[in-house]
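Okay, so here's the structure we're looking at.
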Amino acid sequence: MLNIVLFGPPGAGKGTQSQKLIEEFGLTHISTGDLFRKHLGEGTELGKKARAFMDEGRLVPDQLVIDMVDDRLSEENNLQGIIFDGFPRTIPQAKALDDLLNNKETPITGMIALSVPDDELIARLVERGKTSGRVDDQDKNKIATRLQVYQTETLPVANYYETQERYEHIDGVGDIDSIFQRIKEAINRLQKITD
């Protein structure tokens, strides 16, 4: 089964490429943001637990996030593979995700990280901000902060996968189809390692 962690800074094109991967490989898309909205919105037991931490201004514990992922996976009857969008963000989350998927005998194939220069990312996000209505896409200072947080948070996670030879760095500049072709080639390399 193909289980991919797709990473990249804001504006790198993760959403666009995720959709193409889902269509090409029949993957299930898992975004922790979507999971939080679902559980909080539906008032599930996991959502109530998460809300208690959030109401106190505390981060939701990694195990609770993993429980939400596990709950989402249990909803799937015919799982072809998974694309994790923006998760895991920390090494403890990566280890917990590995434990969960290894117990299900369907380990992570690898991380694919889209790399785009900061000036290109800022230009893309400002352009997206004109149509998306997202306030954080319209302010260059906020964009710069988001890019800095991404670099600080995710570099250790990329290193975690890289030391296990489950990491592919992809040039995220160019037309959508060319980037997608690079991703497919990276997936082929990762699958050869894990087979």
Side-chain angles (χ1 to χ4, degrees), residues 1-35 38 62-63 65-117 120-121 124 150-195:
M1 195 153 66
L2 177 63
N3 296 326
I4 294 293
V5 175
L6 185 64
F7 252 64
K14 293 185 303 295
T16 301
Q17 295 299 335
S18 286
Q19 199 52 51
K20 291 182 78 63
L21 286 164
I22 290 163
E23 291 166 10
E24 178 89 6
F25 296 102
L27 303 179
T28 296
H29 181 256
I30 294 185
S31 154
T32 50
D34 292 345
L35 294 178
K38 173 190 183 294
D62 290 342
Q63 189 55 53
V65 180
I66 290 293
D67 290 346
M68 287 183 182
V69 170
D70 193 16
D71 178 73
R72 174 69 179 86
L73 294 176
S74 69
E75 294 173 358
E76 292 291 324
N77 293 327
N78 189 21
L79 201 60
Q80 303 293 310
I82 309 159
I83 183 162
F84 291 94
D85 184 353
F87 177 82
R89 290 186 184 276
T90 65
I91 290 176
Q93 286 179 357
K95 289 179 176 175
L97 182 61
D98 274 346
D99 289 344
L100 173 68
L101 294 179
N102 287 337
N103 287 338
K104 295 179 180 294
E105 298 180 357
T106 176
I108 290 289
T109 308
M111 171 189 273
I112 294 178
L114 294 170
S115 176
V116 179
E120 171 77 10
L121 291 169
R124 287 182 186 183
Y150 169 81
Q151 291 296 336
T152 306
E153 281 185 359
T154 59
L155 195 56
V157 181
N159 291 340
Y160 172 79
Y161 287 105
E162 194 166 18
T163 58
Q164 299 173 28
E165 298 182 351
R166 295 188 297 162
Y167 174 84
E168 286 283 336
H169 178 264
I170 302 296
D171 179 3
V173 178
D175 67 85
I176 291 168
D177 290 334
S178 297
I179 296 166
F180 186 58
Q181 187 59 40
R182 286 179 220 139
I183 291 173
K184 288 198 296 185
E185 289 165 5
I187 287 171
N188 286 336
R189 289 190 296 272
L190 287 168
Q191 286 180 313
K192 284 177 186 167
I193 292 167
T194 55
D195 284 347

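These numbers were taken from a predicted model, which means no experiment stands behind them.
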Least distance between heavy atoms, [X] atom then [Y] atom:
| X | Y | result |
| --- | --- | --- |
| G26 | Q80 | O-CB, 3.2 Å |
| L27 | L2 | CD2-O, 3.5 Å |
| I112 | A186 | CD1-CB, 4.3 Å |
| D175 | S178 | OD2-OG, 2.7 Å |

Flag the pair [X] / [Y] as yes when at least one side-chain heavy-atom distance between them is below 4.5 Å, and no otherwise.
| X | Y | value |
| --- | --- | --- |
| T32 | M68 | no |
| L73 | I30 | yes |
| Y160 | K95 | yes |

For I108 and F84, run side-chain contact (heavy atoms from CB on, under 4.5 Å): C-alpha distance rounded to whole Å, both residues' side-chain angles, the deciding distance at 0.1 Å, then the answer.
CA-CA 10 Å; I108 290 289; F84 291 94; 3.7 Å; yes
Say you draw a straight line from [atom1] of [X] to [atom2] of [Y]; how long is it, rounded to the nearest 0.5 Å?
| X | Y | atom1 | atom2 | value |
| --- | --- | --- | --- | --- |
| D62 | Q93 | CG | CD | 4.0 Å |
| I183 | I187 | CD1 | CD1 | 7.0 Å |
| L79 | N3 | CG | CG | 7.0 Å |
| H29 | I82 | NE2 | CD1 | 12.0 Å |
| E168 | E162 | CD | CD | 9.5 Å |
| F25 | M1 | CZ | CE | 14.5 Å |

Within 6.0 Å of CD in E24, more than 12 heavy atoms from elsewhere
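For E24, atom CD is crowded (more than 12 foreign heavy atoms under 6.0 Å).
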Can you confirm whether R124 is buried at CZ, in the sense that more than 12 heavy atoms of other residues, nucleotides or ligands lie under 6.0 Å from that atom?
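Enclosed: over 12 neighbouring heavy atoms sit under 6.0 Å from CZ of R124.
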Going by atom type alone, with no hydrogens or angles, which donor-acceptor pairs under 3.5 Å involve a side-chain atom of residues 6-19 and a protein atom two or more places apart or on another chain?
unit_1	atom_1	unit_2	atom_2	d
K14	NZ	G8	O	2.9
K14	NZ	P9	O	3.3
Q17	NE2	I176	O	3.2
S18	OG	K14	O	2.8

SB check R72 E75 (cutoff 4.0 Å)
yes
Please report the C-alpha distance between I170 and E185 in whole Å, then the side-chain angles of each, then the deciding distance to 0.1 Å, and finally whether the side-chain contact (heavy atoms from CB on, under 4.5 Å) criterion is met.
CA-CA 10 Å; I170 302 296; E185 289 165 5; over 6 Å; no
Not counting sequence neighbours, list each pair that qualifies as a salt bridge (Lys or Arg N to Asp or Glu O under 4.0 Å) and has a residue in residues 97-116.
D70-K104, D98-R166
Would you confirm whether T106, through its side chain, and L101, through its main-chain N or O, come within 3.5 Å as a donor-acceptor pair?
no
Under the criterion side-chain contact (heavy atoms from CB on, under 4.5 Å), which of L97, V5, L35, V157 is the partner of F87?
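Option passing the side-chain contact (heavy atoms from CB on, under 4.5 Å) with F87: L97.
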